[in-house]
There are 2 protein chains.
Amino acid sequence: MTRSVIQDFVTSDHDHDSCIDAALARAQAVCRARGERLTPQRRQVLELVWRSHRPVKAYDLLERLSTSGRRAAPPTVYRALEFLREAGLVHRLESLNAFIGCPRPDIRHSAQFLICTRCGAVAEMDDASLTAKIDANARRLGFKVDDEKIEVNGTCRACRERDAAL
Amino acid sequence: MTRSVIQDFVTSDHDHDSCIDAALARAQAVCRARGERLTPQRRQVLELVWRSHRPVKAYDLLERLSTSGRRAAPPTVYRALEFLREAGLVHRLESLNAFIGCPRPDIRHSAQFLICTRCGAVAEMDDASLTAKIDANARRLGFKVDDEKIEVNGTCRACRERDAAL
DNA sequence: AGGAAGCTTGTTATAGTATCACGCACTCAC
DNA sequence: GTGAGTGCGTGATACTATAACAAGCTTCCT
């Protein structure tokens, strides 16, 4: 059994700042390797994404991008998000119209998410055997897979325990 | 190995009308079993969804819902789609903001789609072992699964063969 | 038949998500 | 320095979805 949890549900006791710093450092490295620029704008958007540790909406980012009073326009944030997505630095959660930071931009992997509908927390998985199975099913139909997304809705442990306590 | 293909990519030689009729008949049965009403409005939306045999956008449906010259308003079609979705008669493709008819509304199953980004065709799968694997992964994190969606982008056989012929 | 309750639909307005198109500024190679 | 490529600002607009309230229809009870 491969280790499949890329990012577990975040608990309140983790070191937020160092976790964001690490993400930004990884991003810098990824961009350098790709020969692309992590501009201040892109960097700021990525930081905002990580600061929430939850799926973030584009327009929420926009509000927080209040550069010196002036309100940024939508293309600003969408361009940054698109850049980050292509670099594998953020994922888009299709069922939420929201974005979340990817903790492992260095390795190519398919997107597999557990989304708690109670608290909004998200865990990211990367079970290669799942991917392999999907590929095999697709191949049987002559279908060539480019990329796949798995989004699972449910309730995380913390929320279930909180519910049980009532 | 369970049979996992619920709906293969539709070829041009299938009998479209009878396939729509069958879908409507199944819908009628499902609604009866659920004690709900397949009103003319809902029925018409479902028929339009099936008539395309591809993912359909809500506003496209809206245009085609030209009831005697009068143009329907968005809530009309969204309400019908929501009803159909809850009854398991249509699926929503999150990555496309589009809807597609479900050929097996009678059996509960998770949504697994192969989406051809070239021609837009979609195949629906139901590989129970995939679902089981996801459930197992989730359980290991204490996560209780409600429902899951798998959307796979790629190229279908027909499009690949067409490309190869060039 | 009368009438209450609940479901279904119509309608207007608005919220939320995303892209287009144009122009300017910056960078970097030559 | 100049031309190509890239990044960003800005205004407009397209696309997707829901809120809120009113009106009509069904069902079921009496």
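Per chain, numbering begins at 1; letters A, B, ... match sequence-line order.
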Asks: What side-chain donor-acceptor pairs closer than 3.5 Å can you find for residues 93-105 of chain B, not counting sequence neighbours?
Replies:
unit_1: B/Glu94; atom_1: OE1; unit_2: B/Arg92; atom_2: NE; d: 3.0
unit_1: B/Glu94; atom_1: OE2; unit_2: B/Lys149; atom_2: NZ; d: 3.2
unit_1: B/Ser95; atom_1: OG; unit_2: B/Glu151; atom_2: OE1; d: 2.5
unit_1: B/Asn97; atom_1: OD1; unit_2: B/Arg92; atom_2: NH2; d: 3.0
unit_1: B/Arg104; atom_1: NE; unit_2: B/Asp106; atom_2: OD1; d: 3.2
unit_1: B/Arg104; atom_1: NH2; unit_2: B/Asp106; atom_2: OD2; d: 3.1

Asks: Between C/dA18, D/dA17, D/dT10, which nucleotide gets closest to the side-chain atoms of A/Asn97?
Replies: C/dA18
Asks: Base of D/dA17, side chain of B/Tyr59 - is there a donor-acceptor contact under 3.5 Å?
Replies: yes
Asks: Going by the rule salt bridge (charged side-chain N to carboxylate O under 4.0 Å, His left out), which residues pair with A/Arg139 if we only count those two or more places apart in sequence or in a different chain?
Replies: none
Asks: Heavy-atom distance under 4.5 Å between the side chains of A/Leu81 and A/Leu61, does that happen here?
Replies: yes
Asks: So which nucleotide from C/dT11, C/dT8, D/dT10 ends up closest to the side chain of B/Thr39?
Replies: C/dT8
Asks: Taking only the side-chain heavy atoms of A/Gln41 (C-beta and beyond), determine which of C/dT8, C/dA18, D/dG9 contains the nearest atom.
Replies: D/dG9
Asks: What nucleotide among C/dT17, D/dT16, D/dT18 has an atom nearest to a side-chain atom of B/Lys57?
Replies: D/dT16
Asks: Look at the rings of B/Tyr59 and B/Tyr78 and say which category their plane angle falls in: under 30° parallel, 30 to 60° tilted, over 60° perpendicular.
Replies: perpendicular
Asks: Is the phosphate of D/dG5 approached by A/Arg37 (side-chain N or O, under 4.0 Å from OP1 or OP2)?
Replies: no
Asks: Of the options D/dA17, C/dA18, D/dG9, whose atoms approach the side-chain atoms of A/Ala58 most closely?
Replies: C/dA18
Asks: Can you identify which nucleotide, out of D/dG11, D/dA19, D/dG7, has its nearest atom closest to the B/Pro75 side chain?
Replies: D/dA19
Asks: Among D/dA20, C/dA18, D/dG11, which nucleotide has an atom closest to any side-chain atom of B/Arg79?
Replies: D/dA20
